[in-house]
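What follows is one structure encoded as C-alpha cells, with my remarks underneath.
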Protein chains: 2
Amino acid sequence: MIPRTLNDYISVDCVIFGYNDNELQVLLVERTLTNESTKEIEFTDLTLTGNHIYEDETIEDAAYRVLFDRTGLDNVYLEQFKAFAHPDRLKKDKDRKWLIHDGRDPDKRIISIGFFSLISTRDIIVESKCGIAKWIPLSEIGELAFDHNQIVDEALKALRNKIKHEPIGFELLPEKFTLTELQNVYEVVLGTELDKRNFRKKIGRMKYLIPLDEKQKGVAHKPARLYMFSRDVYEKTKKEMFDFTV
Amino acid sequence: MIPRTLNDYISVDCVIFGYNDNELQVLLVERTLTNESTKEIEFTDLTLTGNHIYEDETIEDAAYRVLFDRTGLDNVYLEQFKAFAHPDRLKKDKDRKWLIHDGRDPDKRIISIGFFSLISTRDIIVESKCGIAKWIPLSEIGELAFDHNQIVDEALKALRNKIKHEPIGFELLPEKFTLTELQNVYEVVLGTELDKRNFRKKIGRMKYLIPLDEKQKGVAHKPARLYMFSRDVYEKTKKEMFDFTV
DNA sequence: ACAAAAGTGTTGCATTTACACCCATGT
DNA sequence: ACATGGGTGTAAATGCAACACTTTTGT
C-alpha cells in the first residue's frame, strides 16, 4: 500500500450527536498538552473529533474515516453543514502552543469543513486507539479547543433546522424504538414540549414509521410497542412542501 | 495600504441568481484561453464568479468582495451553502491548461466554498472591469469550467430548500413589487404552479408583507398594488415550525 | 370596445390544538 | 395493590385545495 500524504490545510471536524439520559450529547476528545521537559501537564481540554484529509480523499470520505476511527461505526448519518475558515480560528494561545508542540505551523491557515453526525449511543465504544472520547451533554460543554464551540453551535442550528423538515430523528435511536423515545428526541433537539396524543396522530399519518409486532421488554410498566423507520417507504411517499413561515 | 497576499488554496465561488424574463438566471463570466504564440483562441467557456481569498480575510468577506467587484452591489442576500473539495475538481484538460496559462500550479489542491446570492436584476451593471459577465437562464447552461456545473446544481438545491421555509423570494425582486411578480418568483424557483387566490390568501396572513398605497405605472391593464417586505416585522413575528414531511 | 392582468369568496376536507382517563405490566 | 408509563378520542378552530367571474386600466 502506498503511504498516503496528508493535506496540511484542509481538515474536517465532526460534531457527533448522541441521545442519552434524555439529553442531547456530543462526543468530544481530550486534548492534553504536556511540557516536554518538566513533564507537567500544561492544560487539558476538549476538542471535536477531526482530522486533516488525505490528498487523494474527498472531504466526505475523510469525515467518514474520522467517524469510523473514533466510533467503529459505519453507515451512519453524516452531513456537511458549514466551512470554518476564519483567519484567527487557530490563534488562541493554547491552540498555538498545541500546534507547535504537534510539530505544525501555527500560522498556516487551515480551513475546516464541519460535518454533523447522528448516532445511536447504544452502538458506540467510547474507548478507542486515538485518545479518550467522552459524551458531554450540550448544556455542559465548556470552552473547547480552537473554534470548536462555534462549530458545535452551528451544527446544532443545522440539526434543528433539518430535523424540522426531514425524518432524521430516528438516527439518534436504536433501530427499533418506542414512540415516547422518538417524541423525547424531538423535544430534546428542538427544546420544546410536544403533546403526546397529537404527536402520535401526526406519526400515524407517516407511512414510513412502521409499527412492529414486538414490544419493549423488562420494563416495570405496560411495555410499549416498537417501531422502525423505513427509508424506502419515505423516499416513495415524500412530498415537497411549501411553507414560508409566518 | 499594505498589499494583501492571496491565499492560494482557498477560494470562494458565488452563484449569483437573478430573476428576469420570467426565468431564473445565473450570472456567469466568460473565460477565454488564447494561445500565447499563435494568438488563436483555444476555447471560450463560462465560469462562476469567484476568487481566492486574502490571507487576512474571512470567506464571507471574500464572497462579498467578489460580488461587489462583479456587480457593484452591496447589502445583498448571500449565503454559504457548501464546500467543494473533490481532488479532481480542477483536473479536466481545459482547466489544467487554463491554470497553467494563468501561472498557477494545476496540481495544487484548491478548496472552494460555494455561496449563493439573490439579487434584483434591475440593479445590476453587467459590464465590469473584470471580464464580460452574462445572465444565463438555468435551462440554457452548458458545460461550465471546473466543477461549476455541480456547484450550480447544489446552489439551486440549497435555494429551493431555503425558499420553502424562509422569506427570501423578495430578494430577487425590486424593493417594491406586485403579488403576481412574487408568485412568479416562487413558481420559477420551485418549478411548480401556484393558485393565485390561495397564494394571496397565504400572503395575507404574513404580516411582514406590507401593502403600499402605491400602484404600478405604465402598464396596459389594471395596475397592481405594490408591496414591500419588512424584515423587522418578520423577525418579530416569526414562529418556529415543526413538520417533518409526509 | 377590446385586451390584459388585477382582484376577490365559498365550500368541503384535512390538520391542528387542547384536553383526561383507563390499561398492562413488574415489583 | 401500587407505581409507572402506554395508549387512546373528541370538539372547535384553523388551514388548505379547488374553482370563475368582475374590475380597472391603456390602446
(message) Rounding to an integer number of Å, can you tell me how far B/Glu193 CD sits from D/dC19 C1'?
(response) 15 Å
(request) Classify every nucleotide of nucleotides 21-27 of chain D by which part a protein heavy atom approaches to under 4.0 Å, writing B for the base, S for the sugar-phosphate alone and - for neither, in 5'-to-3' order. (result) --BBBS-
(message) Using side-chain heavy atoms (C-beta onward) and a distance below 4.5 Å, is B/Phe81 in contact with B/Glu154?
(response) yes
(request) Could you say whether B/Glu181 or B/Phe242 is positioned toward the 5' end of DNA chain C, judged by the nucleotide with the nearest heavy atom to each? (result) B/Glu181
(request) Please state whether the rings of A/Phe17 and A/Phe116 are parallel, tilted or perpendicular, taking 30° and 60° as the class boundaries. (result) perpendicular
(request) Would you check if B/Ile136 and B/Val26 make a side-chain contact, meaning some heavy-atom pair closer than 4.5 Å? (result) no
(request) Starting from P on D/dG15, measure out to CE on B/Met206 and report it in whole angstrom. (result) 11 Å
(request) Could you say whether A/Tyr227 or B/Lys202 is positioned toward the 5' end of DNA chain D, judged by the nucleotide with the nearest heavy atom to each? (result) A/Tyr227
(message) Tell me whether the side-chain N or O atoms of A/Arg197 pair up with the base of C/dA20 as donor and acceptor below 3.5 Å, since no angle test is needed here.
(response) yes
(request) Quickly work out the A/Lys239 NZ to D/dC16 P distance and round it to whole Å. (result) 13 Å
(request) To the nearest Å, give me how far apart CG (A/Asp195) and C1' (C/dA20) are. (result) 11 Å
(message) Do B/Glu23 and B/Leu138 have side chains that approach each other closer than 4.5 Å (heavy atoms only, starting at C-beta)?
(response) no
(request) Check every atom of C/dG7, D/dG15, C/dT15 against the side chain of A/Arg205 and return the nucleotide holding the closest atom. (result) C/dT15
(request) Indicate yes or no: at least one non-hydrogen side-chain atom of A/Ile113 is less than 4.5 angstrom from one of B/Ile111. (result) yes
(request) Side chain of B/Asn198 only, please: which of C/dA6, C/dC19, D/dA18 is the nearest? (result) D/dA18
(message) Base, sugar-phosphate or nothing for B/Thr180? Non-hydrogen atoms, less than 4.0 Å.
(response) sugar-phosphate
(request) Look at the side chain of A/Lys201 against the base of D/dT10 and say whether a donor-acceptor pair falls under 3.5 Å; ignore hydrogens and angles. (result) yes
(message) The criterion is side chain to side chain contact (heavy atoms under 4.5 Å, CB included); which residues satisfy it with B/Thr47, sequence neighbours excluded?
(response) B/Val29, B/Arg31, B/Ala145, B/His148
(request) Measure the distance from CZ on A/Arg225 to C1' on D/dG7 and round it to the nearest whole Å. (result) 11 Å
(request) Would you indicate which nucleotide in C/dT16, D/dG6, D/dC16 comes nearest to any side-chain atom of A/Arg200? (result) D/dG6
(message) Taking the side chain as everything from C-beta on, heavy atoms only, tell me whether B/Phe170 gets closer than 4.5 Å to B/Tyr208.
(response) yes
